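Lettering follows sequence order; numbering is per chain, from 1. Values in this document were obtained by computation on a predicted structure and should not be read as measured data.
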Number of protein chains: 2
Amino acid sequence: MERADAARNRAALLAAATDLIRERGIDAVSIDDVAASAGVGKGTVFRRFGDKAGLIQAVVDSTAASWHQAASLEFRTAGEFAGQLFDHVLASLPLVIAVERTSVRSCEGNFQLTVDRLARVVGSTFNAHALLAVLRGEQIAFLLDQGMTADEIRAGVISLADTLSAGV
Amino acid sequence: MERADAARNRAALLAAATDLIRERGIDAVSIDDVAASAGVGKGTVFRRFGDKAGLIQAVVDSTAASWHQAASLEFRTAGEFAGQLFDHVLASLPLVIAVERTSVRSCEGNFQLTVDRLARVVGSTFNAHALLAVLRGEQIAFLLDQGMTADEIRAGVISLADTLSAGV
DNA sequence: GTAGCAACCGGACCGACGGTCCGCTTATTG
DNA sequence: CAATAAGCGGACCGTCGGTCCGGTTGCTAC
């Protein structure tokens, strides 16, 4: 059982980390920032979450009932999958980028599952990875930065998914 | 005119950096490592190359007559382009990953040019970016890590490029 | 209520890193 | 050979992720 003060600190840290990452991006957020913003000592962060990656993972887990849904979602067509994942990524871009930079993709567990299911729809494991590569936070942020609109990217992603499915 | 000792040091630093990055990957190579390995002081690295990104850029520029060729290559079909760029990336994976991590893609100058030319062949700017995303060093390293062979990836990339071209 | 204990806390501390600075050295030129 | 500017190296700095430990506090058993 977690002590009451510990639970309070965990919640404060998660909230602080989520806000800071959302507004500044992971690169501009240090652990000290998060600790100070949550009003706790630095040691507390590491006792709760182990390391920076653990904190980010916890943030991600906490901010989304929809998170694991988005990755392991049931879908009929590749286009449907692409559209839904895109919306999810776009809505939490800084968080997605943070987790991409800190965790190893293959460790996600249901990531493999998603790849396999997707592979069946788009014809090959390679194509599944290709589609997921285009849906990465950093890729989408880059395209937005290049001046593409979210709608254009969304349409492109779905079109790509459909094209890949069509070849099956 | 560059002094003789300066030129010697520049060459030694480039060689040391190239070797270290190739064998360890950029993440395990610090500026101090490069300086020590080249037998010069740390300050010399920064006077020559400005910062870490500058050093990596210089390494990349020096190691490839084929480098800018690969990116701005003339090509007839998207598949041809994909195959050639893949071979180039695969041959210098750690270097490619290093430059991806340090430089901003859009600054590359002829990157824009490549995107535009490619866009004409694969139907849209979005598709051009998608193809390039799949050809990034980190993506290819990830797929290799997943157990895919280089041949499989090469085939996948070319097939993807051809599929995109076919829809035009 | 209170005593005792384990869990918890915070911030001083550490090593590594990218980057700066400056007093000394050395290649170059006339 | 003398003068000078370019170059040199490594001590130094601020920041970051991560560790440690002496003091504190929430919980429980009596």
Side-chain angles (χ1 to χ4, degrees), chain A residues 1-21 23-60 94-95 97-104 107, chain B residues 1-21 23-60 94-95 97-104 107:
Chain A
M1 178 57 187
E2 191 172 62
R3 249 167 60 169
D5 52 347
R8 224 178 315 135
N9 285 341
R10 149 174 281 131
L13 283 167
L14 284 177
T18 305
D19 289 351
L20 287 177
I21 294 174
E23 72 195 28
R24 294 192 208 161
I26 186 65
D27 288 343
V29 176
S30 69
I31 296 283
D32 298 75
D33 289 341
V34 174
S37 169
V40 306
K42 186 178 188 174
T44 303
V45 181
F46 287 99
R47 193 164 346 85
R48 270 320 119 206
F49 302 104
D51 58 10
K52 195 176 188 180
L55 172 61
I56 291 170
Q57 192 57 243
V59 165
V60 157
L95 264 40
I97 290 173
V99 76
E100 281 170 5
R101 285 232 245 267
T102 54
S103 86
V104 187
C107 290
Chain B
M1 180 54 189
E2 190 172 62
R3 249 166 62 169
D5 53 348
R8 224 179 314 135
N9 285 340
R10 147 173 283 130
L13 283 167
L14 284 177
T18 305
D19 289 350
L20 287 177
I21 294 174
E23 73 196 27
R24 292 192 209 162
I26 186 65
D27 288 343
V29 176
S30 69
I31 297 283
D32 298 73
D33 290 341
V34 175
S37 168
V40 305
K42 185 178 189 174
T44 303
V45 181
F46 288 99
R47 194 167 342 88
R48 269 320 116 207
F49 301 105
D51 58 12
K52 197 177 187 180
L55 173 61
I56 292 170
Q57 192 56 243
V59 165
V60 157
L95 264 39
I97 290 172
V99 76
E100 282 170 4
R101 284 232 245 267
T102 55
S103 86
V104 186
C107 289

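Distances shorter than 4.0 Å separate some side-chain N or O of A:T44 from OP1 or OP2 on C:dG10. Between A:R47 and C:dC9, a side-chain N or O to OP1/OP2 separation shorter than 4.0 Å is present. Close to C:dG18, at under 4.0 Å from its OP1 or OP2, lies a side-chain N or O of B:K52. Regarding contacts with the backbone of D:dG7, every side-chain N or O of B:N9 stays at 4.0 angstrom or more from both OP1 and OP2.
In this structure, B:F46 places its CZ atom 7 Å from P of C:dT20, rounding to the nearest Å. In this entry the distance linking CG of A:L55 with P of D:dC16 reads 15 Å, nearest Å. As a whole-Å value, the separation of A:M1 CE from D:dC27 P is 8 Å. Regarding B:R101, its CZ atom lies at a distance of 13 Å from the P atom of C:dG18, rounded to whole Å. Between the CG atom of B:D32 and the P atom of D:dA11 there is a distance of 12 Å, given to the nearest Å. As a whole-Å value, the separation of A:E2 CD from D:dC27 C1' is 14 Å. For the pair A:D5 CG and D:dG23 C1', the interatomic distance rounds to 14 Å; values are reported in whole Å. Distance, A:F49 CZ to D:dG17 C1': 16 Å, rounded to whole Å.
Of the listed nucleotides (C:dG19, D:dC16, C:dG10), C:dG10 has the atom at the smallest distance from the side chain of A:V40. The side chain of A:D51 sits closest to D:dG18 out of C:dT20, C:dT28, D:dG18. The side chain of B:A6 approaches D:dC8 more closely than any other nucleotide in the set C:dG18, D:dG18, D:dC8. Listed nucleotides C:dG19, C:dT26, D:dG26 differ in distance to B:K42; the shortest reach to its side chain belongs to C:dG19.
For the pair B:T44 (side chain) and B:V40 (backbone), a donor-acceptor distance under 3.5 Å is absent. Counting only distance, with no hydrogens or angles, the side chain of A:S37 and the backbone of A:D33 share no donor-acceptor pair below 3.5 Å.
Taking the charged nitrogens against the carboxylate oxygens, B:E2 and B:R48 do have a contact shorter than 4.0 Å, which makes a salt bridge.
B:R48 comes within 4.0 angstrom of the backbone, heavy atoms only, and of no base.
Across all their heavy atoms, A:I21 and A:A98 have their closest contact at CG2-CB, 4.2 Å. Residues A:T18 and A:L95 come closest through the heavy atom pair O-CD1, 4.3 Å.
Where A:G43 and A:R8 each meet DNA chain D at their nearest nucleotide, the meeting point lying more 5' is that of A:G43.
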